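From a predicted model like this one, the values you see are computed outputs, not experimental measurements.
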Amino acid sequence: MNSLKHLDLKSVPCPLNVVKIKLALEKLSKNEQLIVELDRGEQEEMVLNNLKEMGCLFKQLNENEEFIKIKILNEN
């Protein structure tokens, strides 16, 4: 059963948002999903690059001029 957790990181600067995502992912059980909202620009670029480096599966759900929403699947 997939469970969703939500993390609102709008207005949270880099690299604090990356750290918060890593901590949240560590608390998830296998196959739980994390929904993250974050600002466009540097925050978006830094988080997405870090997720790729960590080998996380993620999908962009929503975006507008100010922020994006992504879903991260915890496979561990």
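No path of Ile, Leu, Val, Met, Phe, Trp and Tyr side chains, each step under 4.5 Å between heavy atoms, connects Val19 with Phe58, placing them in separate hydrophobic clusters. Residues Phe67 and Leu61 fall into different hydrophobic clusters, defined by Ile, Leu, Val, Met, Phe, Trp and Tyr side chains chained together at heavy-atom separations under 4.5 Å.
Inter-residue side-chain proximity for Val47 and Val36 is flagged as unmet; no heavy-atom pair is nearer than 4.5 Å. Side chains of Lys10 and Gln43 form no contact here, defined as non-hydrogen atoms less than 4.5 Å apart. Between Glu26 and Leu23, some side-chain heavy-atom pair lies under the 4.5 Å cut-off.
Rounding to the nearest 0.5 Å places CG of Asn17 at 11.0 Å from CD of Glu44. The CG atom of Leu73 sits 6.0 Å away from the CG atom of Leu57 when rounded to the nearest 0.5 Å. Atoms CD and NZ, from Glu32 and Lys27 in turn, are 12.0 Å apart once rounded to the nearest 0.5 Å. Distance check: Ser11 OG to Glu37 CD gives 11.0 Å after rounding to the nearest 0.5 Å. Rounding to the nearest 0.5 angstrom, the gap separating the CD1 atom in Ile21 from the CG atom in Leu51 is 5.5 Å.
In plain terms, the two heavy atoms of Gln33 and Leu28 that are nearest each other are C-CD1, 4.2 Å. Of all the heavy atoms in Leu7 and Leu34, the pair that sits closest is CB-CD1, 4.1 Å. Closest heavy-atom contact between Lys20 and Leu9: CD-CD2, 3.7 Å. Across Leu25 and Cys56, no two heavy atoms sit closer than the pair CD1-SG, 4.0 Å. Heavy-atom minimum distance, Leu4 versus Lys71: CD2-CD, 4.4 Å. Across every non-hydrogen atom of Ile68 and Gln60, the tightest pair is CG2-NE2, 4.1 Å.
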Begin with the C-alpha distance, continue with both residues' side-chain angles, and end with the deciding distance and a verdict on side-chain contact (heavy atoms from CB on, under 4.5 Å) for Ile72 and Ile35.
CA-CA 6 Å; Ile72 307 166; Ile35 303 293; over 6 Å; no
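Listed for the Asn74 side chain is a donor-acceptor partner under 3.5 Å among the backbone atoms of Ser29.
Identified under the salt bridge (Lys or Arg N to Asp or Glu O under 4.0 Å) test for residues 45-63, with sequence neighbours left out: Arg40-Glu63.
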